[in-house]
Every structure is written in structure tokens, then in C-alpha cells.
2 protein chains.
Amino acid sequence: MTGSKAGPASGKRHTPCDKCPLRGMKAFRDFSARELEFVSQFKVGELSVERGATVLVEGTHSPHIYTVLSGLGFRYKLLSDGRRQIMNYAFPGDLVGLQGVLMGELDHSVEALTPITLCVFERSKLDRLFTRHASLAYDLTWIAAHEERVLDEHLLSIGRRSAVERTAYLLSYIHQRARAVGLVNAGRKAIPLTQQHLADTLGLSLVHTNKTIRKLADRNLVRWQDGGYEVLEADGLLKVSGWEGLKEAGRPFV
Amino acid sequence: MTGSKAGPASGKRHTPCDKCPLRGMKAFRDFSARELEFVSQFKVGELSVERGATVLVEGTHSPHIYTVLSGLGFRYKLLSDGRRQIMNYAFPGDLVGLQGVLMGELDHSVEALTPITLCVFERSKLDRLFTRHASLAYDLTWIAAHEERVLDEHLLSIGRRSAVERTAYLLSYIHQRARAVGLVNAGRKAIPLTQQHLADTLGLSLVHTNKTIRKLADRNLVRWQDGGYEVLEADGLLKVSGWEGLKEAGRPFV
DNA sequence: CGATGCCTTGAGTGAATTCAACGCTTGTGG
DNA sequence: CCACAAGCGTTGAATTCACTCAAGGCATCG
């Protein structure tokens, strides 16, 4: 359905991996020359879609793995009656669709939150990655294990944190991740989400999410603005959530 | 603290990998001779703990990875005030502690639900696994991605399914997994959980969990018995949950 | 036979949901 | 240029859901 919105920009001018803007960011580890060479020919294209478009569809049998080159997206599942649960957000450098490739079919969908560009990798070359590039295979496992860790924390939030706590947690989490890839300067840039997105991530209704955000806003911890939010007091927000925060270093990508 | 209960049985008679009772179960893929040889020397011991004992502790820096050889356990996180969220259950064949090894420190704890025996693997040999045994490295990634998939479904349940739906889901999930490894014959064996475990998995209070189980019991879908539950009508239960069920084949292990 | 652990039940309270409406902004077509 | 619709945020009121509190029952175990 929304898939038709995709693709017009692909096939234009691709960013070569050796000039990948994500390399050099301190949030990521660097490649060796040999790794870089492999990754370069592992990448077979780019995919650009606009905000609101569906990048990957649940149930699909995809021959590709993706990495977010720029932009934001989110991963979600639907129940038959339309209830939606957002599992996690995809930031630049994040791997998308690994499950689909390893296990046949994808069990979730991915939608663009902003215009987004993804690097497309060939599934068929995955074997070579495992047989010839152990360090990259290790990275892949690391990434999967890391996603598991994030989901653990989300599960803890939804299952056991109060509405205010879990909202503070989610806002903190997204903010920290956005900062790590330079999407917010000193907290001075809104992250383009609707409250419906937050509600569907938090397992709360839209109305109650709105009222909960208000509580945080009344305490001057966050501000809703320009179709997104801004963190005013990162420490205070984190404290409310009772979360320790991200402890990342040398995150691998691709 | 509870760690002191661990270990007395280790160092006794270890099950050699070539006689591993898990091999040959149709739920798992088989090893090649070369893989088997590697796994055999990758394994450095066994760990047995009794019901209720803590196998792994959050925050710990563990030099080992484990596989469940027999018994049941569960993975959980705690908030500072004691609220507990159970993330998932570990069945025979399941890998435990991968995160801890890959990322330095463990972000969750693991407790035994029955007397449990785990195979202990050396972290230091993980490099060799990646460089020399691509097929096993692939399996490791597969396992991590699979866990991610399970957590996605749990997240969907806790976030968006009603109390009855999510309880039916969890009961179905555990039952299906137990069946896959032969822990319940034709549904005729109780799974040794307390309702508190279920509550902490579902994100519900103990009282409400009890009342929800009652609703399912009143419809003759399950029965609570002998400190555990029994599934009377697997199809009916699955239908209530609105879940598709596990679709597994050739699950790798270790 | 008095603990203790676990399940069960009822009553009262609090939290979160649904329903309903309104305001603001943006975009679109007449 | 205005009218109108659509999307999103906000708010209040009523209802439902889930939680806490409190107590009792029934096993098992020392």
C-alpha cells in the first residue's frame, strides 16, 4: 500500500562506503581497510522513502538487509483489529531487517518518521561475511544482542514502570539516542514524533499519554513543540524515569 | 547471595557433547562432526543449581556463556524498589548470557525455576568460534535475532493486548515451548510456575493475574494444579490470545 | 501443630480508557 | 482569498479496568 511511495530516489547518486558520513562519528567503531572493502561491495544500493511511508512490511520475505544512512524510522507490530505496538526506533547507523533475512520472513513492519535513506545489502553475500569476515560477523551478533538489551529495558518499562516513569524513560531514551548521532544539538531541536507514536510505544492511550506528557512539561522537564518534543532538563527527566541511561561505546554498524 | 546455593553438583560427571540428549530432538538442527568437535572443547564444565537459586546476577561481568542442558529458568530485571519484570523463560537448548559476554556486563539476572543444569562455555574461545566456525557464528546470530523476535511479541502483548489476551498468550507461549522440548506430553504435565511469575511477566498484579487465570479456567482452557498449570485446550487458548503461535524449525543451539 | 508459601476472594480505591468536543494549524480546492 | 477538511494536541466527564488492602483457605514442612 504505502510501499508505492518508496524508491523514486534510489538509483541516483549513492554514498560510497568509504565516504560514509557515519564513519568518524565517535559513537561508532571504525573499519579496517579490508572490512571497508568488503562492506563496499556488500552494499548494492540505497533506498529512500518519505515520512509516513512503510519501508518494510510484516510477513514479507525480504532479500535485503538495511542500514539507516540518514533519517529516522520505527519498528512496529499490529494486532488484527489495528492496535499498534512500536517496538523501537531506528537511528542512523542502525541495522534493520536482520530478522527477516535470518529467519525467512519479517515479523514486524518499519515506517519512516522522517525522510529516510537506507543502505541496501545483499542477503546472498551474508555467507561470505560469516566465512571471511569474522569481525563483521561478531558485530552483527553484537548488534542483535544489543537490540535484545534495549528491548529488555522497554519491556521493564511497559511492564513495571508507572505512566510517568515510563514516559520519562522513553523521552530520555530517544533523546539520548538522537544526541549520540548528532540529531539534537544541545537539546535544542525537536524530535519529530506525534503523541500517538509515543502512546503506541508506551502501551498507553493517546489521551493518557497527552496528560502524562503535560505533567512532565509542567515540571519543565520537556516541551512539546513543532510536532515533536524538546528535552529541557535531561538529568531531571532521567531521574524521574529511574533509568540508568545508555552506556554505549564503540557501537559497531553494518 | 543466592549464588551460594550454586555449584555443588558441578565437577561431577559431565555429559559429553557427543552424547548430548538435546541432539536428535527434532526441534534442533544437527551438528557436523567438525562442529561437534569444536563445541566439545568449547564446553568447559557444567553448572547445576536448585529451584529458586540465582544463576546469573545483573551487573556481573561473566567470563562464561551457558546453554540450558536440562531444567527451566527465567530472565528478569528489577527496579530499585523491588518491582520485577520477567523478560523470558529459558528452556533446554536455550543460550543464556550472550549479552553479558559480548557487552561486558550482564543487564539482567537469571533464576532457576526447576533444578537446572547448564553447559558452561569459555568466553575466550568465542574468537575461535567466529574465525573458524562460521556456521556456529551464524547460529549465534540467529539465536540472538530469534530472541529479539520473541521479545517483540512479548512487548506487543504487554503493550497492547488486554489482560485476558495477554495471559492466554503467555500460557500458550510457555506451553508451546515446553512441548517443543518434550516437557509436557500431551498437555498432561503441569509447568512449575507460581502465579507471581506470570504476574511479573505479564505486567499485572498478582491478584489480577489470579482473577484473569480464573476466567480462562472457567472456560476450561487451562487448569491450575500442583503449583503450575496445565493446558486443556491449546487451540482455544491460542484463539483467545490472538497470537499465531511459534513457527520454528531447525532451531540451532550452542 | 504452628510456621510458611501460595492460591483465592471481596471490597474499596486509584489509574487509565473511552467518549466527546474544541482549538489550532496546514493544506486544498472553489 | 476564503471555505473547508484533515491532522494533531488538549481538556473534561463518565466508565472500566486494574491495583491495593485485607483476610481466609489449604497445602507442605519442620
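Note: hydrogens, waters and symmetry copies are ignored here, and every other heavy atom, side chains too, is used. Each chain gets a letter, A, B and so on, in the order its sequence line appears, and its residues count up from 1.
The phosphate of dT11(D) has OP1 or OP2 within less than 4.0 Å of a side-chain N or O from R214(A). Contact annotation: Q195(A) side-chain N/O to dT10(D) OP1/OP2 distance is under 4.0 Å. OP1 or OP2 of dT8(C) has at least one side-chain nitrogen or oxygen of N210(B) nearer than 4.0 Å.
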Which donor-acceptor pairs under 3.5 Å do side chains of residues 105-113 of chain B form with protein atoms, sequence neighbours excluded?
residue, atom, partner, partner atom, Å
H108(B), ND1, R75(B), NH1, 3.2
S109(B), OG, E58(B), N, 3.0

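Under the 4.0 Å criterion applied to side-chain N and carboxylate O atoms, D218(B) and R214(B) are assigned as salt-bridge partners. For K77(B) and E153(A), the salt-bridge test passes: some basic side-chain N is under 4.0 Å from an acidic carboxylate O.
The distance from atom CD of Q225(B) to atom C1' of dT8(C) is 16 Å, rounded to the nearest whole Å. We find that CG of D200(B) is positioned 14 Å from C1' of dC6(C), with the value rounded to whole Å. For W224(B) and dT8(C), the CH2 to C1' distance is 13 Å, given to the nearest whole Å.
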Summary of protein contacts for nucleotides 12-30 of chain D, nucleotide by nucleotide, where a base hit scores B, a sugar-phosphate-only hit scores S (4.0 Å, heavy atoms): BB----SSBB---------
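For the salt bridge (Lys or Arg N to Asp or Glu O under 4.0 Å) condition, no pair includes a residue of residues 166-176 of chain A, sequence neighbours left out.
Two residues are said to be in side-chain contact when any heavy atoms from C-beta on lie closer than 4.5 Å; V68(B) and C119(B) fail this criterion.
Side-chain polar atoms of T201(B) and Y89(B) form a donor-acceptor pair below 3.5 angstrom.
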